[in-house]
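What follows is one structure encoded as structure tokens, with my remarks underneath.
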Amino acid sequence: MSPFATPAPQWRRSAHCGASNTCVEVAALGGSPLPIGARDAKHGAQSPVLAFSKGEWQDFVERTKQGEFDL
């Protein structure tokens with residue numbers, strides 16, 4: 001492997017997803033100016049990836065914990 005190669009993202013999803021593929025996966029995007037990626041698990045590697053800054057992601061997580069996006 002080249003010393004300049006960027007490792008492939010290690011996509012993770014919640015343990016609550018179980019066998020379902022109706023989840024979002026999240027990964028660190030090495031070498032990207034927007035280092036947090038999110039994608040639709042049901043499309044896997046074919047899914048478009050949304051990229052966020054660390055600040056944007058932290059803001060999203062905090063707002064989610066506060067219930068701002070609850071249905």
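Count residues from 1 along the sequence. Being a predicted model, the structure only gives us computed values, none of them experimental.
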Please check this pair: side chain of Gln46 against backbone of His43, looking for a donor-acceptor N/O pair closer than 3.5 Å. no
Given side chain to side chain contact (heavy atoms under 4.5 Å, CB included), test Ile36 with Val26 step by step and report yes or no. CA-CA 7 Å; Ile36 309 295; Val26 177; 4.0 Å; yes
To the nearest 0.5 Å, what is the distance between CH2 (Trp57) and CG (Leu34)? 12.5 Å
Please test Trp11 against Val49 for side chain to side chain contact (heavy atoms under 4.5 Å, CB included), starting from the C-alpha separation and ending with a verdict. CA-CA 11 Å; Trp11 295 98; Val49 175; 3.8 Å; yes
For Glu68, does the CD atom sit with more than 12 other heavy atoms under 6.0 Å from it, leaving out its own atoms? yes
For the student: nearest non-hydrogen atoms of Leu29 and Pro9, plus distance: CD2-CG, 3.9 Å
Please find the pair of heavy atoms, one from Gly44 and one from Arg39, that lie closest to each other, and give the distance. O-NH1, 3.4 Å
Closest non-hydrogen contact found for Ser53 with Pro35 is CA-CD, 4.0 Å
